[in-house]
Amino acid sequence: MEPNKVQSEGGLNVTLTIRLLMHGKEVGSIIGKKGETVKKMREESGARINISEGNCPERIVTITGPTDAIFKAFAMIAYKFEEDIINSMSNSPATSKPPVTLRLVVPASQCGSLIGKGGSKIKEMRESTGAQVQVAGDMLPNSTERAVTISGTPEAIIQCVKQICVVMLEAYTIQGQYAIPHPDLTKLHQLAMQQTPFTPLGQTTPAFPGLDASPPASTHELTIPNDLIGCIIGRQGTKINEIRQMSGAQIKIANAMEGSSERQITITGTPANISLAQYLINARLTSEVTGMGTL
């Protein structure tokens, strides 16, 4: 199997992470008495659901898993919120039911794809799902991320989340010879730091969540044309050192072979380190090839 081919039958089996911003009261509702509700959600959806610690008014709920597990978890959260709305209305004279609202935290770099050219994508989402979708103009405090607010019926919200997941998955698409994901670098960096079992492109072994031991080191090889190797090495090795530091992978560049127009690069590390190193190398190549200058 070629390293840069991903099996596309039945969709990409990529583990996605979607984060929600919630108020304390909403978090309480998701956790439930003695944690019963969240436990049930985890078991029934198969997704990992983590809730940030702390008693600040805003908490982050992280949902990780294959796309279908994420949809199930979202459905359960949306229906739970709807139930809370119905319960709170039973004591009030209001007749119209307010919509369920969820706030997603999305890397700013992916917000452009969600909005689409001239707002076309977000408009299409609103029209096809019936949910209201709003992307915050400002970043969230101290982060490179924005809040995306979705409101509507639970069904509309689930459809909308499916479309958002598709946009995020497209960020992992494979373009041409090089696999170039374009997610937020900080996000990838966090992935590498956390050693998250993040199935990199071309690796089909199932990841084992929850093991504390770092994943076994593996090796990936790339061949780079001689005339492009300079942009990866940088002046006196500055770029390659930067890539090594950011990715945490070991990167060896073979010496030029007589009569060969290519150089071999060997990347060793955990799958997440390798993905990050590949991404950084590809980003350098892309900027060089497209003449976008330094990255």
Side-chain angles (χ1 to χ4, degrees), residues 10-12 14 16-23 25-30 37-38 40-41 44-47 49 58-140 145-173 183:
L12 280 169
V14 175
L16 269 183
T17 295
I18 295 209
R19 286 166 308 155
L20 289 166
L21 201 56
M22 287 191 193
H23 298 302
K25 203 172 97 187
E26 297 171 316
V27 170
S29 164
I30 296 298
T37 313
V38 74
K40 186 171 165 225
M41 285 181 179
E44 291 188 17
S45 67
I49 303 174
E58 305 273 272
R59 306 268 287 276
I60 297 270
V61 176
T62 308
I63 304 173
T64 306
T67 43
D68 52 346
I70 286 182
F71 301 150
K72 282 183 198 151
F74 261 92
M76 293 173 82
I77 290 172
Y79 284 118
K80 181 72 183 88
F81 282 176
E82 185 182 49
E83 194 185 302
D84 295 343
I85 290 170
I86 294 168
N87 291 342
S88 67
M89 281 178 60
S90 58
N91 317 327
S92 81
T95 47
S96 65
K97 192 172 66 172
V100 174
T101 301
L102 293 181
R103 287 177 303 157
L104 274 61
V105 180
V106 177
S109 60
Q110 290 180 356
C111 288
S113 326
L114 281 181
I115 296 168
K117 279 204 178 72
S120 57
K121 186 75 192 152
I122 200 163
K123 182 166 174 264
E124 180 195 314
M125 276 188 204
R126 287 180 186 136
E127 287 170 1
S128 64
T129 64
Q132 275 301 317
V133 190
Q134 246 119 22
V135 176
D138 297 331
M139 306 258 194
L140 290 162
E145 298 174 301
R146 295 184 181 188
V148 176
T149 307
I150 312 176
S151 53
T153 63
E155 294 75 19
I157 285 177
I158 296 156
Q159 287 310 316
C160 194
V161 167
K162 284 189 177 175
Q163 296 200 16
I164 289 174
C165 283
V166 169
V167 172
M168 290 186 163
L169 281 173
E170 281 168 359
Y172 293 97
T173 42

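Only this structure's heavy atoms are used, side chains among them; waters, hydrogens and symmetry mates stay out. For reference, positions follow the sequence shown, starting with 1.
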Engineer: Test side chain to side chain contact (heavy atoms under 4.5 Å, CB included) on F74 and M41 and set out the steps.
Structural biologist: CA-CA 9 Å; F74 261 92; M41 285 181 179; over 6 Å; no
Engineer: With the side chain counted from C-beta on, respond yes when I77 and I63 share a heavy-atom pair under 4.5 Å apart, and no when they do not.
Structural biologist: yes
Engineer: Which atom pair, heavy atoms only, marks the closest approach of M89 to P98?
Structural biologist: SD-CD, 3.6 Å
Engineer: I need the K162 NZ to D68 CG distance, nearest 0.5 Å.
Structural biologist: 9.5 Å
Engineer: About how many Å separate CD of Q134 and CD1 of I150, when rounded to the nearest 0.5 Å?
Structural biologist: 11.0 Å
Engineer: Considering only heavy atoms from C-beta outward, does the side chain of M22 approach that of S29 to under 4.5 Å?
Structural biologist: no
Engineer: Check the pair L21, I60 against side chain to side chain contact (heavy atoms under 4.5 Å, CB included), reporting the backbone distance first and the verdict last.
Structural biologist: CA-CA 5 Å; L21 201 56; I60 297 270; 3.6 Å; yes
Engineer: Do the side chains of M76 and I49 get nearer than 4.5 Å, heavy atoms only?
Structural biologist: no
Engineer: Who passes salt bridge (Lys or Arg N to Asp or Glu O under 4.0 Å) against K123, sequence neighbours left out?
Structural biologist: E127
Engineer: Restricting to non-hydrogen atoms, name the atom on I70 and the atom on G65 that form the minimum distance, rounded to 0.1 Å.
Structural biologist: CD1-O, 3.5 Å
Engineer: If you look at every heavy atom in R126 and V133, which pair is closest and at what distance?
Structural biologist: NH2-O, 2.6 Å
Engineer: Might you point out which heavy atoms bring E26 and T101 nearest each other, and give the distance in Å?
Structural biologist: OE2-O, 4.3 Å
Engineer: With sequence neighbours left out, write down each residue that passes side chain to side chain contact (heavy atoms under 4.5 Å, CB included) with K121, or none if nothing qualifies.
Structural biologist: E124, M125, V167
Engineer: Nearest 0.5 Å, please: how far is NZ in K80 from CD1 in I30?
Structural biologist: 7.0 Å
Engineer: Keeping the roles fixed (side chain from Q110, backbone from P107), state whether a donor-acceptor pair exists under 3.5 Å.
Structural biologist: no
Engineer: Working to the nearest 0.5 Å, report the span between CD of E82 and OG1 of T153.
Structural biologist: 7.5 Å
Engineer: Where do R146 and V106 land on the side chain to side chain contact (heavy atoms under 4.5 Å, CB included) test, with the steps shown first?
Structural biologist: CA-CA 5 Å; R146 295 184 181 188; V106 177; 5.7 Å; no
Engineer: Measure the spacing between CG of L20 and CD of E58 and express it to the nearest 0.5 Å.
Structural biologist: 12.0 Å
Engineer: For I157 versus G152, what's the shortest heavy-atom pair and its separation?
Structural biologist: CD1-O, 3.8 Å
Engineer: In Å, rounded to the nearest 0.5 Å, how long is the span from CD of Q159 to CZ of F71?
Structural biologist: 9.0 Å
Engineer: What residues form a side chain to side chain contact (heavy atoms under 4.5 Å, CB included) with P99, not counting sequence neighbours?
Structural biologist: S151
Engineer: Is it the case that the side chains of Q163 and S128 hold a donor-acceptor pair, with the cut-off being a distance below 3.5 Å and no angle test?
Structural biologist: yes
Engineer: Considering all heavy atoms of both residues, which atom of A73 and which atom of S45 are nearest to each other, and what is their separation?
Structural biologist: N-CB, 3.5 Å
Engineer: Counting only heavy atoms from other residues, nucleotides and ligands, does the tally under 6.0 Å from CG of D138 exceed 12?
Structural biologist: no
